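Small disclaimer: the values here were computed from a predicted structure and weren't measured.
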Amino acid sequence: MGILNVTPDSFSDGGDFTDPGRAVAHALQMVAEGAALIDIGGESTRPGATPVPLDEELRRLMPTVSAVAAATDVPISVDTSQPEVIRAVADAGAQLVNDVRALQRPGAVEAVAELGLAASLMHMRGEPGLMQQTSDYPDGVVVTVRDFLAARLANCTAAGLPAERLLLDPGFGFGKTLPDNLALLAALDDLGRLGRPLLVGLSRKSMIGAILDAPVGRRLHGGVAAAVLAVSRGARLVRTHDVAATVEALAVCAAVEAASSEGATA
Ligand code: PT1
């Protein structure tokens, strides 16, 4: 899943793709590099980001969603939490809602269900404005995230959104310390037992920066390593800024996995 931010303030590429023409060119480049999905975001949700009003989110997203949908058959996901935005982008050709708030806004589950879309449910502690001040998991981060995702899955299916249309995401960096993020990555197989494909977003995040003592521009190799480890622990989708590097690393990963499953059946 290649990231296309149409925001002025995203943490690593803010302002680069606010023009639809440049956004489409970048989307097509990611497709050429092997992206199987393009994730378009109009609201930065990284820690400390400020919320965006509905009309501004629509103004940022709509031209780019329509233009990318016209330019490629690769499915489009949109990073949003708002039911009005979900309805508008579905009309413009989006197929998946990537919601860092796990469809908890009133009307979001119903919109996804009615429109026949897929969705990703992510765990976040608190809201982007203050979440780094509230990370504390008395029951342990892995259990807390697992229970949250299980509850959201149950709630969505009860509201008429079939489980077959849902992905789950532990939400790396969303109200989590470095030890929390590492514990989640190490225990990803536990989350896989919830029975839905796992999506992970790790590229260029501060957890990589903290391990390497590296600024955002020097986190490529660490982010690729984290993606490989996530996939080897069961992740099925990787949300990344760095498509070419990630696709190549995961091709090597897949070749080894295929050989080891052949070995198991031989
Ligand atoms: C994610 C994700 C996302 N991450 C999904 N959507 C972001 N499904 C946006 C930092 O610590 O992981 N999964 N949409 C970006 N969020 C962050 C969080 C960016 C933390 C940076 C950090 O640097």
* To do: Go through R204 and D13 one step at a time and tell me if the salt bridge (charged side-chain N to carboxylate O under 4.0 Å, His left out) criterion holds.
  => CA-CA 10 Å; R204 304 184 186 175; D13 55 0; 5.4 Å; no
State yes or no: do [X] and [Y] share one hydrophobic cluster built from I, L, V, M, F, W and Y residues joined by side-chain heavy-atom distances below 4.5 Å, directly or via other members?
X    : Y    : answer
L194 : L188 : yes
L167 : V200 : no
L28  : V65  : yes
L198 : L103 : yes
V24  : I3   : no

Atom [atom1] in [X], atom [atom2] in [Y]: separation rounded to 0.5 Å?
X    : Y    : atom1 : atom2 : result
K205 : N181 : NZ    : CG    : 8.0 Å
R236 : L199 : CZ    : CG    : 12.0 Å
L121 : N155 : CG    : CG    : 9.5 Å
T157 : E164 : OG1   : CD    : 9.5 Å
F172 : D180 : CZ    : CG    : 11.0 Å
M30  : T240 : CE    : OG1   : 9.5 Å

* Below 4.0 angstrom, N of the basic side chain to O of the carboxylate: do E43 and R59 qualify? ->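 No, E43 and R59 are not salt-bridged.
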[X] to [Y] - nearest heavy-atom pair and separation:
X    : Y    : value
S77  : N98  : OG-CB, 3.9 Å
G42  : V52  : O-CG2, 4.2 Å
G41  : T7   : O-CG2, 3.7 Å
A210 : L178 : CB-CD2, 4.0 Å
A118 : V112 : O-CG1, 4.2 Å
G222 : L212 : CA-CD1, 4.0 Å

* To do: Say whether E57 and T80, considering side chains only, have a donor N or O and an acceptor N or O under 3.5 Å apart.
  =>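 Result is yes, a qualifying pair exists.
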* Return yes if a side-chain donor-acceptor contact under 3.5 Å exists between D99 and S81, otherwise no. =>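 A pair is found: one side chain offers a donor N or O, the other an acceptor, under 3.5 Å apart.
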* Only counting residues at least two apart or in another chain, list the ones meeting side-chain hydrogen bond (donor to acceptor under 3.5 Å, both in side chains) with D190. =>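 Partners of D190 under the side-chain hydrogen bond (donor to acceptor under 3.5 Å, both in side chains) test: R193.
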* **Any residue meeting side-chain hydrogen bond (donor to acceptor under 3.5 Å, both in side chains) with E84, in chain and number order, not counting sequence neighbours** =>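 Once residues adjacent in sequence are excluded, E84 has no partner under the side-chain hydrogen bond (donor to acceptor under 3.5 Å, both in side chains) criterion.
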Taking C-beta and beyond as the side chain, do [X] and [Y] meet within less than 4.5 Å on heavy atoms?
X    : Y    : result
D169 : H123 : no
V243 : T246 : no
R46  : S206 : no
L4   : T64  : yes
I40  : V6   : yes
R165 : C156 : no
M124 : R101 : yes
R239 : D79  : yes

* Intermediate values then yes/no, side chain to side chain contact (heavy atoms under 4.5 Å, CB included), V109 and R152 -> CA-CA 10 Å; V109 179; R152 291 304 305 144; 3.8 Å; yes
Check: [X] side chain, [Y] main-chain N or O, donor-acceptor pair, under 3.5 Å:
X    : Y    : value
S261 : A258 : yes
K176 : F174 : yes
T72  : V74  : yes
R125 : D136 : yes
R196 : L168 : no

* Should V78 and D39 be marked as a side chain to side chain contact (heavy atoms under 4.5 Å, CB included) after you check the CA-CA gap, both sets of side-chain angles, and the distance that decides it? -> CA-CA 5 Å; V78 174; D39 186 46; 5.7 Å; no
* How are the rings of F17 and H26 set relative to one another: parallel (under 30°), tilted (30 to 60°) or perpendicular (over 60°)? ->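 The arrangement is parallel - the two ring planes meet at less than 30°.
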* **Derivation and outcome, side chain to side chain contact (heavy atoms under 4.5 Å, CB included), residues L153 and L149** => CA-CA 6 Å; L153 197 53; L149 294 175; over 6 Å; no
* **Step-by-step side chain to side chain contact (heavy atoms under 4.5 Å, CB included) determination, R87 to L115** => CA-CA 8 Å; R87 291 183 190 281; L115 296 162; 4.0 Å; yes
